[in-house]
Amino acid sequence: MSEIIPQLIVIALIISSVYALIAAGLTLTFGVLEFVHFGYGEMAMLGAYLFYTAHISLGLGYIESGLISIVGVTILGIIIEKFTFRPVRDRQVFIPLVLSIGIAIILQSIVLIIYGGTTKNLYVAGDVATKFTFFNDTITITSIQIFIILTAITALCGLCIFLKYSKTGKAIRAVSDDKEVAAIMGINVDRTISILFAIGSALAALAGILIGLDRNLTPNMGMLLTVYAFAVIVLGGVGKLKGAIIGAIIIGFIETFSLGLTSLKASSKELVIFGTLMLLLIFKPYGIFGGKKDEIESR
Amino acid sequence: MDYALYILIIICLYSIITLTGNILLGYLGILYLAIPAIYGIGAYTFAILATNGSNTFLAIFLGGIFAMIGGLLLSIPALKLKSHYIGIATLAFLFIISSLTYNLKDLTRGSLGIPGIPRPTIFGLYLESNLSFFIFTLIVTIIICTILYKILHSPFAKVIEAIREDEIAVKTLGKNTKIYKLQAFMISTFFSGIAGALFASYLGFINPQNFHIPQLTTAISMIIVGGMASFWGSILGTVILVLVPEILRFLTLSPDILAGVRLGIYGLILILFMLFKPNGLMGKRTNIFSK
């Protein structure tokens, strides 16, 4: 049993890095818009399917396909924000919430119409990944997995630096703290939220591609991803990038180890993750590090 | 004829599901996204009991009871949380139930589903024809809708709606709001479970895919179109949204495209209603999902 632990840690880290990426985008949008964007996971799904079209159907390389997918989803994200969320931003809370459910459904239906309900995967026939082994064969890692983890970490670091030091990043944080005060200080709130949606959509698309490289694509993966991402955010505490990363590592490890070390089947994965989420929501709704109660309740 | 009966039976059963969903979504005003999970519990309870030779009436009743137990479990996180957190908790509940129906193979046969679910027998009369089943469903629907109408026009519903608008104000009037919310959960999930049991009985075959996101979007769209916290709105919404996608049936599309178009119609309806008529056709302005 103990000899598979190093391998499990590697797998858990790969999954965690992808979860962190998707949760980072959701936690940013949640921080600013103050509602769960249920269509967020669907953006990731769309990213994965666009990548599939470019890479498998059109035969383009990884980088071109990735760019097409990310740019496409980003443009779509900006359009969605401009024409659906912006008009209802200051209305009652349920309106944007149900709206985002509607967007999720439409995106899912588009994918279902174009690609059908069958499972797709991103490997071209004969496209075998190089395997690397370490420490007397206790750890095997493929080149694709190395690519996944490096891309995710690079993107997250880039996001952190952007939010912390760039002018737009500071504007995003200001709007996330208080829209009205930010507007008084001369920040263009509409433009900032547009940029935020662009960044969120790009992150979602990237996460979707990475998940697609690791697993299969199905039209209903988006809704699951939204709830996974939310589980991650709740775990780490809402609205903070650091929380998303820590939450992702915890969920990744719980998922990998509960399935790797016990006799649970892979199909029980959802049961493990959502069971954990449920217990968390019951006993620690403000994240495992406590978090301030008012901070969340004022949302 | 069978086609018309199919439409009528679906309208009857979905009316119950929409109404019970509206109790929690509209009247109580919480983001309740576990609708298919709850009636799925009713359907699976009925299917498992009835295929093992239990009395069908008892099985229908137990379908309601088990759905209510599921609802009580769900109410533990749902009553503790606020706003979107309830949405996520109920959605997680939906995925948990779905995962259980896939994985408890000894009980539910997993993705194979349960075939050969019998229809009810009344006084030795087996309701084999669709007409007799429709009459039976209609009677049950009218009874349940009458009960719900009485409940939703009673002082109880006024308290529930007051809790939605301002819970603290209701508390200062000396009402135990938690008990009221719990009762709303029990009423909603019990009748929802009965509708689920009848669904299983009518279809004769169920699998986990009958109780997932597409069914959730259908139910939510019906509630939104009809209007939040509106009894007749729920029924109107159900009738409209059962009939509109039926037009697609006359186009010859492949099953995947048909499912996609159907889903897309519901999504489009949700978006358009939220942008232009957020309170639905017959709903009133409410303060929902805000707490």
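Convention: sequence-line order gives letters A, B, ...; per-chain numbering from 1. All figures in this text were calculated on a predicted structure; none of them were measured in a lab.
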Option in Gly264(B), Ala78(B), Ser98(B) with maximal non-hydrogen atom pairs under 4.5 Å from chain A: Gly264(B)
Phe230(A)-Tyr85(B) aromatic ring centre distance below 6.0 Å: yes
Chain A interface, residue from Leu270(B), Ile265(B), Asn103(B), Ile269(B) that has the most non-hydrogen pairs under 4.5 Å: Asn103(B)
Heavy-atom closest pair, residues Met274(B) and Val88(A): O-CG1, 4.3 Å
Proximity breakdown for Leu74(B) and chain A, heavy-atom pairs closer than 4.5 Å: side chain
Interchain contact, Ile213(B) with chain A, by part (heavy-atom threshold 4.5 Å): side chain
Close side-chain approach of Ile96(B) to Leu271(A), heavy-atom, < 4.5 Å: yes
Value rounded to 0.5 Å, distance of CE in Met223(A) from OG1 in Thr217(B): 8.0 Å
Side chain / backbone / both / neither for Tyr102(B) at chain A, heavy atoms under 4.5 Å: neither
From OG1 (Thr84(A)) to CD1 (Ile271(B)), nearest 0.5 Å: 6.5 Å
Among the listed options Ser109(A), Ala104(A), Ser100(A), Pro96(A), the residue most often paired with chain B at heavy-atom distances under 4.5 Å: Ser109(A)
Toward chain A, the part of Phe93(B) with a non-hydrogen atom under 4.5 Å: both
Point-to-point distance, once rounded to the nearest 0.5 Å, from CG of Leu33(B) to CZ of Phe38(A): 5.5 Å
